[in-house]
2 protein chains.
Amino acid sequence: MTAEDTRERILDTAERLFAQHGIEATSLRAITAEAGVNLAAVHYYFGSKEALVRAVFGRRLGPVNQERMKLLDECEARAGSNPPSLKGIVEALIAPPLRLRGNPAQGGENFCMLMGQLFSESSKWRQVIFAEFGETMSRFPAALKRALPHLPEKELFWKLHFLIGAMAHTLRASGLLVHLSRGQCDPDDVEGTLRRLTAFLVAGLQAPVPPDPGEQS
Amino acid sequence: MTAEDTRERILDTAERLFAQHGIEATSLRAITAEAGVNLAAVHYYFGSKEALVRAVFGRRLGPVNQERMKLLDECEARAGSNPPSLKGIVEALIAPPLRLRGNPAQGGENFCMLMGQLFSESSKWRQVIFAEFGETMSRFPAALKRALPHLPEKELFWKLHFLIGAMAHTLRASGLLVHLSRGQCDPDDVEGTLRRLTAFLVAGLQAPVPPDPGEQS
DNA sequence: GTCTATAGGGGGATAGAC
DNA sequence: GTCTATCCCCCTATAGAC
C-alpha cells in the first residue's frame with residue numbers, strides 16, 4: 001500500500017463515516033479502524049481532526065461549485081439581456097450536488113449526503129466547512145433577483161431559505177423518503193429527483209407572497 | 001429548591017442545550033453545570049441520558065401533536081365531503097411547532113429548534129425521538145391524498161418529503177436566515193413566517209409533476 | 001512512513017456517605 | 001434528595017522506537 005493509498009483511504013473512509021453518522025459523532029479511531037490504517041497516520045497526513053474535515057470537503061467542493069457556476073453562466077448566457085429562467089437557476093444550484101449520487105468515482109452518495117448535513121452540524125464544524133465554500137454562494141441571490149425583479153429582496157431571502165431546506169433534506173434524508181413511501185420513491189433516480197424537486201421549488205419561488213392581513217396596503 | 005424545581009431545571013436546561021448544540025454534543029456535565037444541580041441528579045431523576053432525551057421530547061411533543069390533530073380535524077370538518085384545503089393541511093402540520101417560538105411558557109424557541117433538528121440527529125437519537133411521536137404523522141399523507149386525489153401516491157410522498165425539508169430547516173436555522181439576509185428577515189415574526197412558508201409549500205404541492213422525458217406517455 | 005505506547009482530558013454511570 | 005468520589009470507557013494528540 002503506497003502513501004497515496006493511505007491518504008486516500010483515510011479521506012474516503014472519513015467521507016463515508018461523516019456522511020453516515022455526522023462529523024462530531026465520528027472518531028478518528030473509527031475512521032482508521034475501518035480504513036485499515038494506524039491511528040497516528042491521520043495526524044501524520046493531516047495534523048488534526050479539523051484539518052481532516054477541511055481536506056474531506058476541500059477535495060470535492062471545488063468541482064461541485066465550479067459546476068454550479070458553469071451551469072449558472074450558461075443559464076444567464078441563454079437569457080441574454082432578459083431575466084434568466086428560474087428553472088435554470090434552481091437546477092444550477094441543485095443538480096451538481098445531487099448528481100454526485102450517481103457518480104461513485106467522485107464520492108458517490110457519501111459526499112452528497114455530507115453536503116445535505118452541512119446545516120445540521122454543530123456551529124464549530126459549520127464554520128470550518130463554510131470557509132471552504134468561497135464566495136460561490138453569493139451569486140445565487142443575485143441571479144434570483146434578476147429572475148424575480150418585482151419581488152422585494154426580503155421576500156427573496158425567505159424563498160431562498162425554504163429552497164435550501166428542501167434541497168438539504170433531499171440530499172441528506174433519502175433513507176427517510178424510502179421508509180416514508182414504503183419503497184415507492186427511488187432516490188437513486190437522480191434525474192427524476194431533480195425534475196420533481198425543481199418543479200416544486202420553481203412553483204414555490206413564483207408563488208405570490210400573501211399580504212400581511214394586519215397591514216394596510 | 002424543591003425536587004420539582006430540580007427536575008424542571010434539568011429538563012429546561014437540557015432542552016436549551018440540545019437545541020443549541022445537538023443532543024450528541026451536549027454532555028450531562030454541561031447540563032448539570034448550567035442548571036446548577038449535581039451531576040448525579042440526572043441519574044436520580046431520569047436514570048440515563050437516553051431517558052432524559054425521552055423526557056425532554058415527551059413533555060412538549062404531546063401538546064404539539066394534539067394541536068396538529070385539532071387543526072387537521074377542523075380543516076377536514078370545514079371541507080365536509082369535499083377534499084380538504086391544502087392550505088389548511090399544511091398549516092395544521094407547520095403552525096403548532098412554529099408557534100412555540102412565540103410562546104416562552106411552552107419551551108419557546110428552544111423546543112422549536114429542537115424539532116427542526118430531529119432529522120439531523122444521529123440515527124440512534126432519531127429512533128428514540130420518533131418513538132415519542134406515536135401514530136400522529138400517518139394522518140397527514142392521508143389528508144394530502146384526499147386534497148390531491150389525482151396525484152399518484154408516489155408523487156405525493158416526494159412532495160411531502162420536500163415540504164418536511166423546508167419546514168425543518170425553517171424551524172432549525174433561523175439564525176442562518178438572519179445572516180443570509182443581513183437582518184432583513186425576522187424569524188421572530190411567527191405569523192409572517194407561517195404565511196410565507198405556507199404559500200411557498202402550497203404552490204409546490206400544486207405544481208404539476210413534469211413527465212419523465214425518457215418515458216412514453 | 002508506520003508503528004506502539006501513553007499523555008491528558010472528558011464522557012456516562014454508580015456506590016455510598018450524609 | 002443531594003453530595004463526593006470513583007470506575008471504566010473513549011477521545012484527540014503526541015513522543016519516540018523501528
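Each chain gets a letter, A, B and so on, in the order the sequences are listed, and its residues count up from 1. These figures come from a predicted structure and were not determined experimentally.
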I need the CD-P distance between A/E8 and C/dG1, as an integer number of Å.
14 Å
I'd like to check the salt bridge (Lys or Arg N to Asp or Glu O under 4.0 Å) partners of B/R126; sequence neighbours left out, ordered by chain and number.
none
B/H43 atom NE2 is separated from C/dA13 atom C1', nearest whole Å, by 5 Å
To the nearest 0.5 Å, how far apart are CD1 in A/I23 and OG1 in A/T26?
8.0 Å
Terminal axes of the helix from C/dG1-D/dC18 to C/dC18-D/dG1 (5 end pairs apiece), angle rounded to 10 degrees, sit apart by 10°
Salt bridge (Lys or Arg N to Asp or Glu O under 4.0 Å) pairs, two or more places apart, involving residues 174-188 of chain B:
B/R101-B/D188
Is the shortest side-chain N/O distance from B/T6 to OP1 or OP2 of D/dG1 below 4.0 Å?
no
Counting only side-chain nitrogens and oxygens, does B/Y45 get under 4.0 Å of the OP1 or OP2 atom of D/dT2?
yes
Residues forming a side chain to side chain contact (heavy atoms under 4.5 Å, CB included) with B/A14, sequence neighbours excluded:
B/F18, B/I31, B/L52, B/V56
Taking the side chain as every heavy atom from C-beta outward, state whether B/L151 and B/K159 have any pair of such atoms under 4.5 Å apart.
yes
Length of the CZ-P vector between B/F46 and D/dG1, whole Å
13 Å
Produce the list of close N/O pairs, under 3.5 Å, pairing protein atoms with atoms of nucleotides 4-11 of chain C; give distances to one decimal.
{"from": "C/dT4", "atom 1": "OP2", "to": "A/N38", "atom 2": "ND2", "distance (Å)": "3.3"}
{"from": "C/dG11", "atom 1": "OP1", "to": "B/S27", "atom 2": "OG", "distance (Å)": "3.0"}

A/E67/A/R99 salt bridge by N-O under 4.0 Å criterion
no
Over how many whole Å does the gap from B/D5 atom CG to D/dG1 atom P extend?
12 Å
Before you tell me yes or no, could you show the steps for B/L163 and A/F162 under side-chain contact (heavy atoms from CB on, under 4.5 Å), namely the whole-Å CA-CA distance, both residues' side-chain angles and the distance that decides it to 0.1 Å?
CA-CA 9 Å; B/L163 183 161; A/F162 304 147; over 6 Å; no
Holding to salt bridge (Lys or Arg N to Asp or Glu O under 4.0 Å), I want the full list of residues that pass it with A/R59, two or more places apart in sequence or in another chain.
A/E8, A/D12, A/E15
